[in-house]
Amino acid sequence: MTETHSSPGPAQFPVGLAPKWEPVAVEAALYQEWVERGDFTADASSDRPPFSIVIPPPNVTGVLHMGHALDHTLMDTLTRRRRMQGYEALWLPGMDHAGIATQTVVERELASEGKSRHDLGREEFVRRVWQWKAQSGGQISQQMRRLGDGVDWSRERFTMDEGLSRAVQTIFKRLYDDDLIYRAERIINWCPRCQTALSDIEVEHSEDEGELVSIRYGEGDSSIVVATTRAETMLGDTAVAVHPEDERYRHLVGTEVELPLTGRRIPIVADEHVDPEFGTGAVKVTPSHDPNDFEIGQRHGLPNLTVLDERGVITAAGPFEGLDRFEARPAIVAALRAEGRIVAEKRPYLHAVGHCERCGTVVEPRLSKQWFVNVGPLAKAAGDAVRDGRTRIHPPEMAKRYFSWVDNLHDWCISRQLWWGHRIPVWYGPDGEMRCVGPGEEPPTGEGWHQETDVLDTWFSSALWPFSTLGWPEKTPDLERFYPTSVLVTGYDILFFWVARMMMFGLYAMDGAQPFNDVFLHGLVRDSTGKKMSKSKGNSIDPLEWLDRYGADALRFTLARGANPGADEAVAEEWAAGARNFGTKLWNASRFALMNGANTSTPLPDRAELTDADRWILDRLDTVVAGVDELFERFEFGKACDTLYHFVWDEFCDWYLELAKTQLNGDEARATATRAVLGHTLDATLRLLHPVMPFITEVVWRELTGGQALDRAAWPVPSGATPDVEAERRIDDLRKLVTEVRRFRSDQGLKPGQRVDARLTGTAVDRLADQLVAARALTRLDEPGDGFAPTVSLEVGLASGEMTVEIDTSGAVDVEAERKRLTKDLAAAEKELAGCEKKLGNPAFTEKAPPEVRAKIEARRETAEVDIRRLRERLAGLPG
RNA sequence: GGGCGCAUAGCUCAGUGGGAGAGCACUCGCCUUACAAGCGAGGGGUCGUAGGUUCGAACCCUACUGCGCCCA
């Protein structure tokens with residue numbers, strides 16, 4: 001496939017790269033090649049150290065969004081790096097069955113045919129869902145290929161597949177037998193649209209506008225006023241409650257009042273839970289439709305009266321029967337008003353309202369029989385694993401959220417009134433028996449036995465993911481080898497939904513072995529102004545569009561470069577274009593290097609035979625290799641990418657390649673050495689960039705090395721050479737000299753391409769003798785010819801000494817521009833000097849500051865003094 | 001109400017005790033033989049406010065203001 005980018009035929013040096021890098025033309029085929037060669041397939045029997053990541057399973061209904069793209073880029077980067085480091089690296093892909101979402105999709109499809117799931121029946125409906133999955137589900141797995149995800153497709157799993165279903169049944173049975181799963185009648189969160197129970201964390205609270213209505217119950221002296229935001233539930237009231245210490249109502253406690261509109265008489269009870277400060281200090285008690293009221297009801301032995309059905313429709317007999325809860329509310333208030341019972345109304349009234357996380361419908365607290373996980377011991381273990389440091393959470397501030405959640409956890413409602421999902425393996429007998437059936441066991445047969453109709457929360461099966469995907473409950477080689485997984489990478493927004501639950505179940509199922517050693521929680525991807533992306537705001541960016549326009553490497557680099565631990569990241573199209581430009585830069589630099597014979601087959605010459613520029617770039621490379629490695633190790637993706645970006649662009653391209661040009665024009669030995677340094681530096685750089693930008697680096701690397709698989713090549717390590725600080729200083733001087741001359745030329749209005757004669761003098765000339773050819777080339781200054789007549793001059797202070805550059809501009813001299821420049825530089829130098837002198841003149845500073853700081857300030861003072869003297873002389877010497 | 005976090009250039013963000021940085025945007029000059037998706041040069045910030053600690057604070061402490069998130 002590199003053929004498409006290679007010009008055929010033998011050449012003395014490879015000259016293979018096309019003039020332009022066109023990612024979309026190459027990516028798919030290259031990815032296919034990696035997969036077919038088995039580069040991503042882990043071998044459980046190898047003797048390499050294991051490294052494993054399980055993917056946060058995307059929904060089977062899902063398509064790739066920016067959050068996935070970020071998450072996957074980071075996981076792929078970690079995995080590819082470990083693979084290069086010689087680990088047996090497994091990144092295991094898969095999807096979850098997304099109970100509510102998937103059922104909704106298929107029901108919608110049925111609705112368009114005029115049918116409901118009940119028309120089909122359970123078995124046929126489930127068959128239909130599988131059919132839907134085969135045809136339209138899992139689009140994301142194709143999109144992951146476009147991103148370049150190096151996952152082991154041979155191990156792809158789905159939460160509803162046979163093995164994982166067996167894992168679900170196994171752990172359910174085990175938890176049931178350990179009394180960690182139970183069935184009970186409780187107030188749960190009910191979504192009237194999805195028609196199912198939800199767990200506490202599937203409810204999103206928001207401050208919504210509602211109304212606060214004060215209603216008078218009873219008559220005369222014995223009447224009492226209650227305030228409520230849910231007037232419609234008054235039909236189900238079975239008491240009024242006040243605080244026991246509340247003097248206002250003490251005389252009423254124990255009496256009864258008549259509940260308006262119903263004629264029922266209900267007691268007034270005293271309960272500590274009531275807040276005397278809220279409203280009138282008296283609250284209506286509706287045990288069937290409010291969790292707090294339910295508890296008050298339990299304490300006082302009140303009856304539970306259900307007045308709303310599963311659709312949120314009034315069931316209480318009477319004029320309101322059949323009204324939806326939101327229609328019933330004004331109707332009931334109107335009826336009460338007609339009776340003169342409305343004492344006060346506050347509208348709008350802001351209060352917290354729970355919404356279904358999936359569909360946004362207002363959640364209805366509902367009394368019903370559900371299945372729960374008794375989380376006590378599980379949550380304790382999950383907290384301890386992090387407290388003990390067996391699992392490390394990054395960034396560490398997130399651990400506080402984790403603890404506050406697992407340490408204050410309510411039992412988890414796991415039953416869902418859906419058809420798509422793992423059906424609860426419990427059978428009910430004719431005489432009220434209940435039997436939990438484990439895998440391989442025969443369910444009870446006979447008259448009156450039937451299976452529970454509810455299925456389990458999707459997160460229940462997701463919580464098993466790190467071990468169910470590896471074959472649990474069987475003791476498979478994969479499980480032996482890859483559990484605990486090395487690191488879990490996901491957004492902090494699903495810390496509770498998923499991470500904490502995996503901890504609970506992993507520790508339980510695996511005899512106390514944690515599911516992962518590290519948890520890396522990244523931020524959320526936001527739009528260019530930092531707002532959360534959402535469909536309703538219309539500010540979502542489709543990563544597939546960026547893949548089309550800029551290629552996978554650019555998308556990945558954009559997201560990885562913006563990933564700073566603990567922070568969300570904003571992205572915009574310009575960012576992606578910048579990343580694409582970086583790829584282009586790397587491509588062009590590589591093309592130049594290859595055209596000039598860069599190679600990795602020539603060994604690097606001894607350092608003594610290298611130039612300052614060679615030693616400088618190699619030393620810088622060593623620093624970058626060590627730095628980038630360390631940054632990746634600490635999940636500092638953004639900084640690692642930034643380091644590479646600046647090394648490639650600002651050092652390798654802007655300076656080394658330019659210096660290499662003069663070296664390549666030198667004698668054959670110099671040219672050969674330069675080709676080796678170019679090749680070596682490029683080689684290591686490509687390896688470092690490969691985990692983040694796998695495609696372009698692979699293509700270039702093959703041209704450079706003739707190798708076949710950068711994804712299996714070794715991760716670079718520092719050479720161990722002692723850095724040549726003198727060479728670095730001279731190169732720094734060279735860079736400063738060149739920049740100063742360019743600045744001067746720019747000020748003087750000399751065109752960049754215009755060659756002028758110049759004479760170099762000063763103490764630095766001899767010390768930088770080896771750099772002067774390059775310096776002249778980079779500044780387009782020629783050796784002075786006959787009749788050289790300098791018209792302007794420039795003095796540059798360098799670490800190696802001073803350099804005076806006298807230039808023949810052939811007449812035109814812009815004195816004012818130079819005066820302006822010198823004045824500005826002088827002001828800066830004077831400010832610097834003043835700052836240094838202030839410090840050094842302060843006895844407290846000279847006594848207390850560390851010697852190295854003092855020495856540094858003294859050196860700065862000296863530099864400033866020299867600069868000031870030089871600048872003043874120059875200014876004085878200007879004509880006019 | 002409890003907890004966590006953030007406030008640095010026009011925008012998005014690094015920087016966590018000792019010379020204010022990057023990317024993008026902006027200005028000027030360039031088709032300079034790898035690259036105009038580029039090259040060269042440049043402008044731009046009382047580091048949210050007020051105190052405190054320190055020889056020295058963008059950085060540490062306190063309060064305040066504003067914003068965001070999580071939980072109740």
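We name chains A, B, ... by the order of the sequence lines, and we start the count at 1 in each one. Everything numeric in this text was worked out from a predicted model, so none of it was measured.
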Inset, instruction - Answer yes or no: does a side-chain N or O of A:K400 lie under 4.0 Å from OP1 or OP2 of B:C70? - result: no
Legend entry - Span that lies between the P atom of B:G68 and that of B:G21, in whole angstrom: 32 Å
Legend entry - First encountered from the 5' end of RNA chain B, between A:T529 and A:E574: A:T529
Inset, instruction - Test A:F582 against every option in A:L689, A:I696, A:D553 by the side-chain contact (heavy atoms from CB on, under 4.5 Å) rule and name the one that passes. - result: A:L689
Legend entry - Pair A:D825 + A:K820: basic N to acidic O under 4.0 Å: no
Legend entry - Exercise: do A:D650 and A:Y645 side chains pair donor with acceptor under 3.5 Å: no
Legend entry - C1' spacing across the pair B:C6 / B:U12, given as an integer number of angstrom: 14 Å
Inset, instruction - Report the distance from atom CZ of A:R742 to atom P of B:A41, rounded to the nearest whole Å. - result: 5 Å
Legend entry - B:C39 versus B:U32 - spacing of their C1' atoms, nearest Å: 8 Å
Legend entry - A:P752 vs A:R780 side-chain heavy atoms within contact, under 4.5 Å: no
Legend entry - Side-chain donor-acceptor contact under 3.5 Å, A:Y349 with A:D208: no
Legend entry - Side-chain ion pair, A:R358 and A:E202, N-O less than 4.0 Å: no
Inset, instruction - Determine the contact category for A:R860: base if any of its heavy atoms lies under 4.0 Å from a base atom, sugar-phosphate if only primed atoms, P, OP1 or OP2 are that close, otherwise nothing. - result: base
Legend entry - Distance below 4.0 Å between A:K585 side-chain N/O and B:C39 OP1 or OP2: yes
Inset, instruction - Would you kindly say whether A:S206 and A:H355 are connected by a side-chain donor-acceptor distance under 3.5 Å? - result: yes
Legend entry - A:V853 or A:A352, whichever maps to the more 5' nucleotide of RNA chain B: A:V853
Inset, instruction - Using the C1' atoms only, state how far B:A22 lies from B:G18, rounded to an integer number of Å. - result: 22 Å
Inset, instruction - Write down the partner of B:G23 under the Watson-Crick or G-U wobble criteria, each distance required to be under 3.5 Å. - result: B:C11
Legend entry - Short side-chain N/O contact to B:C30 OP1/OP2 from A:K751, under 4.0 Å: yes
Inset, instruction - Output yes when at least one side-chain N/O atom of A:R743 is less than 4.0 Å from OP1 or OP2 of B:A41, else no. - result: no
Legend entry - No-H, no-angle donor-acceptor pair, A:T584 side chain to B:A37 base, under 3.5 Å: yes
Legend entry - Pairwise C1' distance for B:A9 and B:G5, with rounding to whole Å: 23 Å
Inset, instruction - Nearest whole angstrom, please: distance from the P of B:G19 to the CD of A:E852. - result: 13 Å
Legend entry - Span that lies between the C1' atom of B:G17 and that of B:C55, in whole angstrom: 12 Å
Inset, instruction - Choose from B:G40, B:A34, B:G68 the nucleotide whose nearest atom is closest to any side-chain atom of A:R526. - result: B:G68
Inset, instruction - Between B:G44 and B:G52, how far apart are the P atoms? Round to whole Å, please. - result: 32 Å
Inset, instruction - Using whole Å, report how far CD of A:E658 lies from C1' of B:G38. - result: 12 Å
Inset, instruction - Remember a base hit wins even if backbone is also touched, and classify A:P19 as base, sugar-phosphate or nothing at under 4.0 Å, heavy atoms. - result: nothing
Inset, instruction - Return the value, rounded to whole Å, for the distance between atom NE2 of A:H646 and atom C1' of B:G21. - result: 9 Å
Legend entry - Rounded distance in Å - CZ (A:R745) to C1' (B:U32): 10 Å
Inset, instruction - Calculate the interatomic distance between A:K531 atom NZ and B:G68 atom C1'; express it in whole Å. - result: 13 Å
Legend entry - Between C1' of B:A36 and CG of A:N581, the distance in whole Å: 11 Å
Inset, instruction - Quick one: label A:Y645 by what it contacts on the DNA or RNA (base, sugar-phosphate, nothing), any heavy atom closer than 4.0 Å. - result: sugar-phosphate
Legend entry - Side-chain N or O of A:W575 closer than 4.0 Å to phosphate OP1/OP2 of B:A25: no
Inset, instruction - Examine B:A34: is either OP1 or OP2 under 4.0 Å from a nitrogen or oxygen in the side chain of A:K661? Give yes or no. - result: yes
Inset, instruction - Would you mind reading off the distance between A:F497 atom CZ and B:C71 atom P, rounded to a whole angstrom? - result: 8 Å
